[in-house]
Amino acid sequence: MTTHHETGTATTHHVLILGAGYAGLAAAIQLAARTKGREDVQVTLVNPQERFTERLRLHMSATGQQVGEMNIPELLEGTGAGFVRGWVTAVDATAKIVRIDDNRVLHYDTLVYGLGSVADTAAVPGVEHHAYTFNSVQDAELLADRLARLDSGTVVVCGSGLTGIESAAEIAERRPELNVVLLGRQEPGAAMSPKPKAYLQAALARLGVRVRTGIEVVKVLPDSVELAGGENIAADVVLWTSGTRVSPLAAAAGLTVDERGRVVTDAALRSVSHPDVYAVGDAAAIRQGYGVMHGTCQGGMPTGVHAAVSIVRALNGKQPKPFRFGYYHTPVSLGRHDAVVQFTHPDDSPRRVYLTGRMAARYKETVTASPWPTYGRMKKMPASGAFWPRGGRFTRIRGVR
Ligand SMILES: Cc1cc2nc3c(=O)[nH]c(=O)nc-3n(C[C@H](O)[C@H](O)[C@H](O)COP(=O)(O)OP(=O)(O)OC[C@H]3O[C@@H](n4cnc5c(N)ncnc54)[C@H](O)[C@@H]3O)c2cc1C
């Protein structure tokens, strides 16, 4: 059911979107484009900065490479959507208000919760104070500044997942005089099939990255990291990429969350406890036939689009449709001229098909560069953003159509 607030003489349904990341921005553009000209709907996007955080390029920013600056209010121009610059400090899901750090209070009829995720700096003592992270452009620039002042020494990258691999490769390529050590529980590319995994590991070796796996980091100190078992690895710089956590705001608001604090959604991406709240991207726990989705840009943007389409359907008195998404690739950069692209089944398990080398690097760059032009296209043609693999039998949940 949709409700409307009286504002002046018009009745307006306020949709508030929290977080202008890959998912929240997709929701805002879609919704604004699909409700353009309607006086009964007002869309407002809230984000702490006007600059879009291109997370897929943070490892490039961290090695001093210039990346483009994308301005969110400029993107929204002409769409009718409003932009509020601010940090959300609380959501009151009963009163349907959101509090901003400058004491503003924003009302909503429908909320889209897209606050994303950040590196889990609470995972191990010392990370908060002694390790660099990739939560924002500012974080990446701090690391770039530190690396620029380091003539020799050791950079320890904690976390052998995709962010750790890409970061270690990028640093080793740009700064061959530094020792780069990649520490993790699992071998790099563990989820890939044998050939692309072997390629990836050989590329790291060629770049001079020393990989140690089966490792449990238990503490980060000012000049070293401590491993379970007591070994210390000297480090001039530590980058923490292991694990993510989400904002505590959803749990504090009383929304049903999973064990990681993500908003548990129904098939249409609405909070199971508060159906006037949609959750998208990394902040949402979205169940598909293969399990709960994990945070990626490839899956995050479709969630934003789907939430917008569902809200418009609800405004028009129709039932929203279930969201379905199947993964299709895992592209991993290995510096600027090399990469591996593992194509996947919809449940993210590896197919036999993969790309390596310059062709893979070009593929990865195309993927990384694509969100912003996609948003631009969606402003004029919202349907152009509504294509993604639905995952066939992999994403079907019994009883959900
Ligand atoms: C270095 C790195 C490389 C990556 N590479 C890939 C890749 O190659 N492919 C891929 O698919 N995925 C990749 N990912 C994962 C991908 O970036 C995330 O899955 C994606 O950003 C999730 O989008 P989102 O919109 O949910 O959240 P985010 O992009 O994190 O956006 C959340 C937004 O909410 C804002 N926000 C947070 N808290 C508040 C608050 N309290 N008040 C107001 N605003 C707030 C943030 O500032 C941000 O703008 C990478 C991640 C990192 C860190």
Side-chain angles (χ1 to χ4, degrees), residues 16-28 45-63 67 70 72 83-91 98-102 106 112-120 132-140 143 157 159 161-168 170 239-250 252-253 262-263 279-284 286 293-305 307 325 327-333 339-342 344 348 363-371:
L16 198 55
I17 299 168
L18 306 185
Y22 289 96
L25 202 45
L45 178 61
V46 185
N47 202 59
Q49 311 92 13
E50 294 193 346
R51 180 178 176 179
F52 177 64
T53 301
E54 228 189 339
R55 287 184 77 176
L56 274 52
R57 289 199 196 278
L58 288 182
H59 56 302
M60 296 169 65
S61 305
T63 46
V67 303
M70 293 149 186
I72 298 163
F83 180 76
V84 169
R85 185 174 173 185
W87 182 257
V88 178
T89 55
V91 175
V98 165
R99 294 186 189 281
I100 310 292
D101 54 354
D102 57 10
L106 306 175
V112 179
Y113 187 92
L115 296 183
S117 64
V118 292
D120 188 3
Y132 290 84
T133 56
F134 279 163
N135 292 337
S136 65
V137 177
Q138 291 80 0
D139 288 342
L143 176 55
V157 179
L162 302 184
T163 304
I165 295 168
E166 291 193 334
S167 307
E170 205 78 27
L239 170 64
W240 188 262
T241 72
S242 182
T244 56
R245 68 183 147 96
V246 298
S247 166
L249 291 181
R262 296 177 298 181
V263 178
V280 296
D282 286 10
I286 300 166
M293 286 172 67
H294 63 89
T296 61
C297 179
Q298 62 171 308
M301 286 176 65
T303 63
V305 172
F325 171 79
Y327 299 97
Y328 46 95
H329 65 195
T330 306
V332 190
S333 66
V340 176
V341 181
Q342 169 74 71
T344 65
D348 214 23
Y363 182 104
K364 167 79 186 180
E365 173 52 30
T366 305
V367 169
T368 302
S370 67

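What you see below is based on every heavy atom in this structure, not just the backbone, and it leaves out hydrogens, waters and symmetry mates. Remember, it's 1-based here, ligands and their atoms both numbered in the order they're listed.
- Here's the thing with Pro331: none of its N/O atoms is less than 3.5 angstrom from an N/O atom of ligand 1.
- The closest side-chain heavy-atom distance from Asp282 to Thr244 is not below 4.5 Å.
- The single protein non-hydrogen atom nearest to atom 37 (C) of ligand 1 is Leu115 O, 3.3 Å, given as residue, atom name and distance.
- At a 4.0 Å cut-off, not a single heavy atom of Ser247 sits close enough to ligand 1 to count as contact.
- Within ligand 1, counting atoms from 1 as listed, the ones closer than 4.0 Å to a heavy atom of Gly295 are 19 (O).
- In this structure, the side chains of Val98 and Leu16 come closer than 4.5 Å at one or more pairs of heavy atoms.
- Close contacts between ligand 1 and Gly281 involve ligand atoms 26 (O) [criterion: under 4.0 Å to a heavy atom].
- The aromatic ring centres of Tyr132 and Phe134 sit 6.0 Å or more apart.
- Scanning all protein heavy atoms for the shortest distance to atom 2 (C) of ligand 1 gives Arg55 O, 3.4 Å.
- Val91 has its side chain within reach of Leu18: a pair of non-hydrogen atoms, C-beta onward, lies under 4.5 Å apart.
- Near Gln298, with a cut-off below 4.0 Å to any heavy atom, the atoms of ligand 1 are 11 (O).
- Scanning the protein for heavy atoms near atom 7 (C) of ligand 1, the closest one is Leu56 CG, 3.6 Å.
- Within 6.0 Å of atom CZ in Arg51, more than 12 heavy atoms from other residues, nucleotides or ligands are found, so the atom counts as buried in its surroundings.
- Proximity of Gly86 to ligand 1 is established by a heavy-atom distance of less than 4.0 Å.
- Under a 4.0 Å heavy-atom criterion, Thr53 is not in contact with ligand 1.
- Ring planes of Tyr22 and Phe52: perpendicular class, angle over 60° (limits at 30 and 60°).
- Under the 4.0 angstrom criterion for non-hydrogen atoms, Gly300 is not in contact with ligand 1.
- With hydrogens and angles disregarded, a donor-acceptor distance shorter than 3.5 Å links the side chain of Gln298 to the backbone of His329.
- Contacts between Thr163 and ligand 1 below 4.0 angstrom, taking non-hydrogen atoms only, involve the side chain exclusively.
- Using a 4.0 Å cut-off between heavy atoms, Lys364 contacts ligand 1 through its side chain alone, with no backbone atom that close.
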Stepwise salt bridge (charged side-chain N to carboxylate O under 4.0 Å, His left out) test for Glu166 and Arg57
CA-CA 10 Å; Glu166 291 193 334; Arg57 289 199 196 278; over 6 Å; no
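- Assignment of Met301 to the shell around ligand 1 is not supported, since no heavy atom sits closer than 4.0 Å.
- Numbered from 1 in the order shown, with element, the atoms of ligand 1 that lie under 4.0 Å from a heavy atom of Phe134 read 1 (C), 53 (C).
- Here the side chains of Val118 and Thr133 are not in contact, with every heavy-atom distance at 4.5 Å or above.
- Atom 25 (O) of ligand 1 has its closest protein heavy atom at Ala23 N, 2.8 Å.
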